[in-house]
Amino acid sequence: MRKFFILFLCLTSSGVFGQSQTNERAKWFTDARYGMFIHWGVYSGAEGYWKGEKLRNDNDYAEWLFYRNQIGREEYLTLLERFDWDAIDPEQWVILAKKAGMKYVTLTAKHHDGFALWDSKVGNYDVGDYTAHRRDIVKELAAACKKHGLRMGLYYSHWVDWEHRFGWNHERELSGIAPKDYDKYWQEKVIPQIRELLTNYGEVSMLWFDMWIHHSQTVVTKAQLLQLKSLIRSLQPDCLVNSRLGLSIEEDPDIDFKTLGDNQLGSHKEEFPWQSPGTVAHSWGFHSGESSWKATSVLLKSLIGNVSLNGNFMLNIGPRANGEVPYEIEHRLLEIGQWLDVNGDAIYGAAAFDLDKNLHDWGKITMKQADGTTRLFLHLYNWPLNRQLPLTGITTPPTRVYLLADKQKQPLEFTHGGAFTNIRLPAMAPSHYVSVIAVEYEQIPETVQNIVAKTTDGGYSMTYDKTVGERTLKQNGRNREGTVPPHVSIKSPQTLKWRLYVDAPGNKNIDVSYSFAGDKAVGKITCRTVNTTLSHTIEPSGQTVGEPNQNWAIPRFLSHRMGKIRFPDAGYYDVELEIAPVDNSELLFQWLWLGQ
Ligand code: GLC
């Protein structure tokens, strides 16, 4: 029998709060966290169809109609006849953004189709030349933003332009374009149009460019991008520029924030500002065939998840040709706005906290320091029916805990010991979507890294990615459509170790889940913790079927009870699992579970 391991606490004071790599210009942006994207242009008149044909390239974006359906430059503009110019009122978009709790709006001033939504003096492919009263949507939006106190950003497609004789479209991959011709487009259109946008419309808080691959893979040169950026810096030094300019933050730290892929949410914490652009369904421009609308809670969790990793979320509306925002979008935005009215404190000016993003099974944490107190906001994605909220990994006791929705801040009961706080919840969740618990500390709370958290059902799930020490094996992710769960393949004896904080003495069961394809019992699994050793003989688990009638045999993962262990005190414990298959036979280890 091995003696048990006394753990040491790996106490770290909780790192740097806020975002250390945010420049002065971008401070408002990381405070704002949530903005509106507006995709609206000539394509909005088509609603995803052209001459009876649905947009080519299934499941593609409505705003790509011009290119996808091979429409002529002039004929494309006949779509403008479907626009109801008397009804179109950009102020309504801004009012919606405000009600939705968004702090900035970004309009597609010029999308890939090359058509400018302002009265541009550069060329004649712009809204001023095609509307009876020379409308200027950028001007109207700028006035509305000013009136309602929101910041204005402008999307500008610099790389791709389908209307200009020398602009880029993907067909040029076949035909090619001489760099000097492309530069004509750049100097004749991009540079003077950006000059117009930054001269005639007051403060532009952000220019949102859209080149989603690195400049070295495109016709655009780094020199052209730098020319564009220095023009922006000279005209409006406070205007933010995103990484889809074609320059990454790593390559040029003067880029203000990183733009992730379309609908790509954050996966890890960053110290520089970043943002995900998101849609409510799939397309950015209005598409009448769209039907897979994301639920309000899905969108809300996208925002919360990003903020919990220091990111922003910019959610798109694709208004119709009369300016109307589709009901499915509008009502979700308003629901999120109502949530933010109550819980905005946990989003605006909030940042990541220094614990692993997947530590807790109940949701995410954001953090804010203000007026001498630090508050953690626990975003509960699922309200525990047993009214117990386990918070693992923080050694500092809170001073006060309350529901963020409760204006009286009535204290919730809690107990705290070691690296564990248990919060007693009321029976009723304050929100149908995500309920927020505010936890106050006098000082920045201390954390313990690399421990396994207690789950809401009172156990500890020990998987390979939560082990302490060097991880030399590769964890295979979920595969075969999720029918094969994440696991590690073990062929020679391995010892895996985890660290736990057990909050109360008592007996706990230990179960191990694995798959073993052999046909006889060979090898051993040994678990050691406290002063107990439990042994298990590896058993064949055979196969199971993932889906019927498809030759879909997959390894079967089975849970085996190894025994019971008595934890004499609350405290830190090491758990060690030795897996020893024999004769090079392969065992697929899934998890070790400690529970009631
Ligand atoms: C892509 C698309 C574009 C859309 C944008 C939004 O770049 O080409 O249509 O505007 O993503 O993020």
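Whatever order the structure lists ligands and atoms in, that order sets their numbers, starting from 1. What you see below is based on every heavy atom in this structure, not just the backbone, and it leaves out hydrogens, waters and symmetry mates.
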Hey, what's the ring geometry for Phe313 with Tyr34, parallel, tilted or perpendicular (30° and 60° as the breaks)? parallel
Side chain or backbone of Trp208 under 4.0 Å from ligand 1, or both, or neither, by non-hydrogen atoms? side chain
Would you mind listing which atoms of ligand 1 come within a distance below 4.0 Å of any non-hydrogen atom of His111? 3 (C), 4 (C), 9 (O), 10 (O)
Identify, for atom 4 (C) of ligand 1, the protein heavy atom at the shortest distance, and state residue, atom and that distance. His39 NE2, 3.5 Å
Pair Lys139 + Asp119: basic N to acidic O under 4.0 Å: no
Which atoms of ligand 1 are found less than 4.0 Å from any heavy atom of Trp64? 2 (C), 3 (C), 8 (O), 9 (O)
Relative to the heavy atoms of Trp212, which atoms of ligand 1 are at a distance of less than 4.0 Å? 7 (O), 8 (O)
So the atoms of ligand 1 within less than 4.0 Å of a heavy atom of Tyr155 turn out to be 10 (O)
Can you confirm if the NZ or CZ of Lys258 lies within 45° of the ring axis of Phe272 and under 6.0 Å from the centre of its six-membered ring? no
For atom 7 (O) of ligand 1, what is the nearest protein heavy atom, given as residue, atom name and distance? Asp210 OD2, 2.6 Å
Residue Glu63 vicinity, atoms of ligand 1 by number, heavy atom under 4.0 Å: 3 (C), 4 (C), 9 (O)
Interfacing atoms of ligand 1 (cut-off 4.0 Å, heavy-atom, Tyr61): 2 (C), 9 (O)
Ligand 1 to Arg244 polar contact by distance, N or O atoms, under 3.5 Å: yes
Could Arg151 and Trp28 be counted as a cation-pi pair, given that NZ or CZ must be under 6.0 Å from the ring centre and within 45° of the axis? yes
Side-chain contact, heavy-atom cut-off 4.5 Å: His215 with Trp159? no
Checking a contact table here: which protein heavy atom is nearest atom 8 (O) of ligand 1, and how many Å away? His112 NE2, 2.9 Å
Strictly by modelled atom types, are Tyr104 and Asn312 linked by a side-chain donor-acceptor pair under 3.5 Å? yes
Quick one: nearest non-hydrogen protein atom to atom 11 (O) of ligand 1, plus distance? Asp262 OD2, 2.8 Å
Min side-chain heavy-atom separation Thr108-Trp284 under 4.5 Å: no
Cation-aromatic face contact Lys110/Tyr155, 6.0 Å, 45 degrees: no
